[in-house]
Amino acid sequence: MTISADMARTVPVNAVQERAVVHHLAFKVTTDEFDAMIAWYQDVLDMEVNFRGYQRESEVCFLSNDEANHRLVFVTNPAFTRDAEYGGRARLDHSAFEFPTVDGLLTKYAYLRDHGIHPYLSIDHGLTISLYYRDPVGHGVEIQTDALGDWQLSREWIRAADEFATNPAGILFDPDRVIDARNRGAGLEELHRRIYVQGEFAPRPDQRQRMHVHVDGPYVWDHSSWGPDHPTFGPH
């Protein structure tokens with residue numbers, strides 16, 4: 001069939017202006033990692049397997065945790081190997097998944113904590129309240145909720161907030177103390193203020209030990225009220 005110059009410029013009759021949104025992530029993993037990765041994401045993100053099968057010599061698995069046909073894909077093949085230096089290379093740093101409410105986030109945190117899975121970073125970015133974990137391969141996985149409870153508000157905030165321009169990282173917090181405050185009746189607005197503005201819920205020293213950056217004394221994500229002798233930094 002010959003394509004004429006006019007046909008090459010044809011536009012859809014039902015043309016619409018839409019934006020594509022992120023649909024899924026796909027990972028190549030080794031055969032030794034395949035089952036562990038599937039199980040970890042099932043546990044942490046409540047993923048369900050929609051399909052698992054073979055594509056010639058490669059095994060594939062499609063999972064989702066909503067109405068979509070898939071949100072994650074894992075592919076393995078006996079020929080795949082893991083680069084020993086992978087963690088230190090320029091690569092995917094983390095993916096992020098959002099809970100509609102702070103209660104959903106804290107409930108998942110408590111479940112994972114009680115099953116021996118702990119975040120390496122718990123931080124209020126100003127626009128999100130976030131917990132970061134490592135999957136079995138070492139990829140960062142962020143679970144979060146909107147710190148302002150409204151995408152439009154947080155979108156306006158990130159564009160105009162001087163405090164975010166000064167410190168895009170945010171302020172660390174202890175999720176267990178946040179759960180306690182929530183159980184005592186604090187709502188999202190109050191929790192966000194007490195974490196981000198007041199620095200009330202400084203992380204414990206053992207929580208700091210899981211962070212991927214270890215520094216002596218206050219760092220960019222430490223609240224200005226936490227001096228070098230603050231208990232968050234451990235024994236002195």
Side-chain angles (χ1 to χ4, degrees), residues 36 39-41 43-46 87-88 92-99 101-149 163-164 166-236:
W40 192 88
Y41 280 88
D43 205 21
V44 173
L45 295 178
D46 302 300
L92 173 71
D93 180 72
H94 72 276
S95 54
F97 302 83
E98 186 169 73
F99 285 90
T101 68
V102 71
D103 291 324
L105 178 69
L106 295 176
T107 300
K108 175 55 72 172
Y109 162 79
Y111 168 82
L112 295 175
R113 177 201 63 202
D114 294 345
H115 286 76
I117 301 174
H118 303 280
Y120 68 84
L121 187 66
S122 304
I123 191 164
D124 186 329
H125 289 299
L127 65 160
T128 64
I129 297 174
S130 301
L131 305 171
Y132 289 80
Y133 296 82
R134 294 283 184 200
D135 73 14
V137 171
H139 300 115
V141 175
E142 176 185 3
I143 57 175
Q144 66 179 51
T145 194
D146 193 286
L148 303 182
E163 54 266 49
F164 189 78
T166 300
N167 175 20
I171 301 298
L172 300 176
F173 67 91
D174 176 351
D176 295 311
R177 295 179 63 193
V178 171
I179 289 176
D180 180 67
R182 177 65 179 132
N183 289 345
R184 294 172 184 271
L188 175 62
E189 182 178 356
E190 179 182 338
L191 293 173
H192 175 51
R193 182 182 71 253
R194 292 168 70 180
I195 298 170
Y196 189 76
V197 179
Q198 300 173 0
E200 182 177 337
F201 307 121
R204 304 187 307 268
D206 64 290
Q207 293 170 328
R208 282 185 174 277
Q209 292 300 313
R210 302 188 188 100
M211 291 165 53
H212 63 288
V213 174
H214 298 284
V215 294
D216 295 324
Y219 191 57
V220 61
W221 46 43
D222 290 309
H223 194 269
S224 59
S225 66
W226 306 343
D229 296 329
H230 193 283
T232 186
F233 301 111
H236 297 280

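Please read these numbers as outputs of a predicted model, since none were measured by experiment. Just so you know, residue 1 is the first one in the sequence shown, and it goes up from there.
A distance of 7.0 Å separates CH2 of W40 from CD1 of I117, quoted to the nearest 0.5 Å. With rounding to the nearest 0.5 angstrom, the NE2 atom of H192 is 5.0 Å from the CG atom of L148. Note: R184 CZ to I179 CD1 = 13.0 Å, rounded to the nearest 0.5 Å. A distance of 8.0 Å separates CG in L172 from OG in S122, rounded to the nearest 0.5 Å. Separation of atoms CG (D174) and CZ (F201) is listed at 9.0 Å; rounding is to 0.5 Å. Separating the CD atom in E200 from the CD1 atom in I171 is a distance of 13.5 Å, to the nearest 0.5 Å.
Taking both residues in full, the closest heavy atoms of G140 and R134 are given as N-NH1, 3.6 Å, listed atom of the first, atom of the second, then distance. When all heavy atoms of A169 and I123 are compared, the pair lying nearest together is O-CD1, 3.3 Å. I129 approaches L105 most closely through the heavy-atom pair O-CD2, 3.4 Å. Between Y196 and E163, the shortest heavy-atom contact is OH-CG, 3.6 Å. Across T232 and P203, no two heavy atoms sit closer than the pair OG1-O, 2.6 Å. Residues A147 and G126 approach most closely at CB-O, 3.6 Å, considering heavy atoms.
For the pair Y133/Y109, a side-chain contact is recorded, criterion being any heavy-atom separation below 4.5 Å from C-beta on. Between F173 and P175 there is a side-chain heavy-atom pair separated by less than 4.5 Å.
For the salt bridge (Lys or Arg N to Asp or Glu O under 4.0 Å) test, residues two or more places apart in sequence or in another chain that qualify with E190 are R194. For F97, there are no ring-ring contact (aromatic ring centres under 6.0 Å, His included) partners two or more places apart in sequence or in a different chain. With sequence neighbours left out, the salt bridge (Lys or Arg N to Asp or Glu O under 4.0 Å) criterion links D135 to no other residue. Looking at residues two or more places apart in sequence or on another chain, you find a side chain to side chain contact (heavy atoms under 4.5 Å, CB included) between V102 and L106, T145, R182, L188, L191. Partners of D93 by salt bridge (Lys or Arg N to Asp or Glu O under 4.0 Å), not counting sequence neighbours: none found.
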Test log, rule side chain to side chain contact (heavy atoms under 4.5 Å, CB included), inputs W221 and M211 | CA-CA 12 Å; W221 46 43; M211 291 165 53; 3.2 Å; yes
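Ring geometry for Y120 against Y132 counts as tilted: the plane angle lies between 30° and 60°, on a 0 to 90° scale. The aromatic rings of F233 and H230 stand perpendicular to each other, their planes meeting at an angle above 60°, with 30° marking the opposite boundary.
Sorted by first and then second residue, the salt bridge (Lys or Arg N to Asp or Glu O under 4.0 Å) pairs with a member in residues 105-122 read D46-K108, R113-D176; sequence neighbours excluded.
Between S225 and H223, the side chains place a donor N or O and an acceptor N or O closer than 3.5 Å (distance only, hydrogens not considered).
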